[in-house]
Amino acid sequence: MNSIEVLSTGFFSTFQDRGRRGYRKFGVPLSGVMDAYSAGLANMLLNNSEDAPVIEITLQGSTLKFNCSTLISITGADMSPMINGKAVDRNKVIVVKAGDQLSFGKLISGCRSYLAIKGGFECEKILESYSYYPGIADNNILKAGMSIKIREQRHQNEIHASVKIDEDHLASIQIEVQRGPEFKWLSTHQQKTLFENDFKVSAKNNRMGYQVEGPIMKIENGFDMLTAITIPGTVQLTPLGNPIVLMRDCQTTGGYPRILQLTEKGINRLAQKKTNDPIRFQLI
């Protein structure tokens with residue numbers, strides 16, 4: 001059986017795909033890859049289906065041992081990937097042989113790295129998605145000692161894929177946004193403050209949402225609103241005046257004013273920011 005042995009998990013490594021679509025009406029989060037741009041690039045390099053599950057690796061890399069020859073790609077954050085202790089390139093197709101070990105070193109840039117394999121990983125599909133989420137797909141998280149099955153490996157030829165990489169994706173602090181439904185509740189001064197100042201990612205950040213720190217913007221009499229629909233990328237303003245950006249595992253409704261809405265590009269870029277990283281909202 002073609003498989004990969006998990007020798008160590010790193011900080012937090014899970015199987016993810018494009019998300020659990022069609023179940024938000026039941027209160028089920030969308031989930032899926034935090035950085036859809038990088039994950040899509042990983043599958044594209046291998047000519048995989050865009051729905052093929054990838055491994056999302058957060059902050060610290062896993063160590064994996066391959067028992068078969070195959071092709072892989074690594075995209076997103078630069079975690080100094082290595083095969084048998086020798087550095088390998090990101091954003092390219094990598095040839096792996098039986099017995100090889102993939103490991104990661106120092107985090108250089110970004111926050112989340114994506115590992116794809118030719119043909120895709122075998123993992124549990126629940127509610128039409130492979131994406132890990134507590135209470136729904138509990139088994140789709142990497143654990144030390146587990147064996148990851150690989151989909152049938154036919155004869156593998158090297159792939160020399162050429163794709164254009166967004167060089168600013170990891171480095172840029174610009175986060176694209178549009179006005180949210182309650183943007184008009186902000187004063188003119190507060191609206192300018194949102195776009196003329198840098199914020200930074202607080203320690204309160206995860207797959208559900210990122211709280212950001214910066215100028216405090218309280219809304220007078222602005223918290224009598226009814227619960228309203230929220231989606232990934234919605235920026236809510238708390239009663240204390242701090243923005244919270246909802247991410248892929250966010251709830252489906254909320255009762256705080258929705259002052260901004262990140263674009264898909266904005267969500268992907270923010271997903272690569274970690275605690276204390278600066279960001280600036282860019283209105284488009």
Side-chain angles (χ1 to χ4, degrees), residues 4 6 9-44 46 48-59 62 73 75-77 111-117 119-143 146 148-151 178 180 204-211 227-236 244-256 258 261-273:
I4 302 171
V6 180
T9 63
F11 176 71
F12 184 66
S13 300
T14 59
F15 292 104
Q16 301 287 346
D17 59 12
R18 293 194 303 161
R20 197 160 275 110
R21 301 176 185 274
Y23 293 91
R24 283 176 48 84
K25 60 186 175 183
F26 302 114
V28 177
L30 179 64
S31 297
V33 290
M34 287 280 278
D35 177 2
Y37 167 74
S38 294
L41 177 62
N43 275 324
M44 185 186 303
L46 297 169
N48 283 347
S49 163
E50 61 182 7
D51 294 319
V54 297
I55 296 177
E56 180 179 271
I57 303 168
T58 303
L59 291 174
S62 309
S73 62
T75 60
C111 178
R112 291 176 172 88
S113 190
Y114 293 89
L115 171 65
I117 192 165
F121 301 101
E122 286 281 3
C123 52
E124 193 172 18
K125 191 173 189 179
I126 299 176
L127 299 181
E128 301 179 57
S129 174
Y130 300 101
S131 293
Y132 168 79
Y133 185 80
I136 294 178
D138 292 304
N139 294 326
N140 287 357
I141 182 170
L142 267 62
K143 300 174 184 176
M146 76 183 297
I148 303 171
K149 295 180 182 179
I150 303 173
R151 293 177 181 175
Q178 297 172 331
K204 298 177 180 178
N205 68 85
N206 54 35
R207 285 184 51 88
M208 290 186 67
Y210 275 42
Q211 182 166 307
T227 295
I229 293 172
T230 57
I231 59 175
T234 296
V235 182
Q236 295 181 304
I244 295 177
V245 186
L246 303 185
M247 298 298 279
R248 304 294 187 183
D249 283 354
C250 72
Q251 71 275 16
T252 57
T253 61
Y256 293 157
R258 301 159 297 174
Q261 178 64 46
L262 269 63
T263 64
E264 180 68 11
K265 182 177 180 179
I267 298 173
N268 294 335
R269 278 193 177 175
L270 184 59
Q272 291 293 354
K273 305 303 180 187

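Just so it is clear, the values below take in all heavy atoms, side chains as well, and ignore hydrogens, waters and symmetry mates. Note that the structure is a prediction, hence the values are computed from the model and not measured.
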Using 0.5 Å steps for rounding, measure from the [atom1] atom of [X] to the [atom2] atom of [Y].
X	Y	atom1	atom2	result
L59	F11	CG	CZ	5.5 Å
F26	T252	CZ	OG1	11.5 Å
D51	R18	CG	CZ	4.5 Å
Q261	I231	CD	CD1	4.0 Å
I244	Y256	CD1	OH	6.5 Å
Y114	L41	OH	CG	12.0 Å

Please tell me if the side chains of [X] and [Y] come closer than 4.5 Å, counting only heavy atoms from C-beta onward.
X	Y	result
L262	R269	no
D249	M34	no
Q16	S131	yes
N140	I126	no
Y133	V28	no

[X] side chain to [Y] main-chain N or O, any donor-acceptor pair under 3.5 Å?
X	Y	answer
R20	S31	no
T227	G255	no
R112	A271	yes
N43	L46	no
N48	I117	yes
T9	L142	no
N268	A36	yes
R248	I267	no

> Below 4.0 angstrom, N of the basic side chain to O of the carboxylate: do R207 and E56 qualify?
Replying inline: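 Result for this pair is yes, salt bridge flagged.
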
> Quick one: salt bridge (charged side-chain N to carboxylate O under 4.0 Å, His left out) pairs with a partner in residues 123-133, sequence neighbours left out?
Replying inline: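 Matches after skipping sequence neighbours: none remain.
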
> For Q272, what residues pass the side chain to side chain donor-acceptor pair (under 3.5 Å) criterion, not counting sequence neighbours?
Replying inline: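 Per chain and number, Q272 pairs via side chain to side chain donor-acceptor pair (under 3.5 Å) with D35.
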
